[in-house]
Amino acid sequence: MRAVEPGDRGATRIADRVVAKIASQAAREALADGPGGSGDEDGGRGTPPYASVTVHEEAARVRVSVELGYPADLGARCRAVRQRVVERVRTLAGMEVPEVVVTVERLHSPHMERAGVERVR
């Protein structure tokens, strides 16, 4: 049996949805590692991070939607999400990530939650 040259073997294509799952998990990890993170960023109140990805050749452009606790340093939390997404996609999928857009969908405030529970009709 003869060995096939690397250029003749073909290529591995990683589906966009796989890269999106990697990005979602990376965002979840970043939020859990940050200040106030407990492994479950929103304490079960909200939805986990959602990512959508566009892959072109060897680069992935990522959009991540998150819910954050408030008050918090929102810029630092979003920066942590961006850094973790870039690191994990590069490591696990072997793709460069020139752009990560983080959208904060909702802020959770403990003061607002208590106000809703203690309300009298």
Expected list for residues 15-24: side-chain donor-acceptor pairs under 3.5 angstrom, two or more places apart:
from  : atom 1 : to    : atom 2 : distance (Å)
Ser24 : OG     : Ala20 : O      : 3.1
Ser24 : OG     : Ala51 : N      : 3.2

Report task. Taking atom CZ of Arg88 as the centre, report whether more than 12 heavy atoms of other residues, nucleotides or ligands fall under 6.0 Å from it. Result -> no
Minimum heavy-atom distance between [X] and [Y], given as atom pair plus value:
X     : Y     : value
Val53 : Ala60 : CG1-CB, 4.0 Å
Ala30 : Arg84 : CB-CB, 3.7 Å
Ala27 : Val81 : CB-CG1, 3.9 Å
Gly94 : Glu58 : O-OE1, 3.9 Å
Ile14 : Ala93 : CD1-O, 3.4 Å

Report summary line: For Glu87, the side chain to side chain donor-acceptor pair (under 3.5 Å) test, sequence neighbours excluded, returns none
Report task. Test Met95 against Val55 for side-chain contact (heavy atoms from CB on, under 4.5 Å), laying out the working first. Result -> CA-CA 9 Å; Met95 296 180 180; Val55 176; 3.8 Å; yes
Query raised in the report: When you look at Leu107 and Glu67, which way does the side-chain contact (heavy atoms from CB on, under 4.5 Å) test go after all the steps?
Result: CA-CA 6 Å; Leu107 296 174; Glu67 294 185 8; over 6 Å; no
Query raised in the report: In Å, rounded to the nearest 0.5 Å, how long is the span from OG1 of Thr103 to CZ of Arg63?
Result: 5.5 Å
Report task. Supply the atom-to-atom distance Ser65 OG to Tyr50 OH, rounded to the nearest 0.5 angstrom. Result -> 8.0 Å
Would you say [X] and [Y] make side-chain contact, with heavy atoms under 4.5 Å?
X     : Y     : value
Val86 : Val89 : no
Val66 : Leu31 : yes
Val62 : Val97 : yes

Query raised in the report: Tyr70 and Val104: same hydrophobic cluster, using ILVMFWY side-chain contacts below 4.5 Å?
Result: yes
Query raised in the report: His108 and Leu68: side-chain contact (heavy atoms from CB on, under 4.5 Å), yes or no, with the steps?
Result: CA-CA 6 Å; His108 295 285; Leu68 299 176; over 6 Å; no
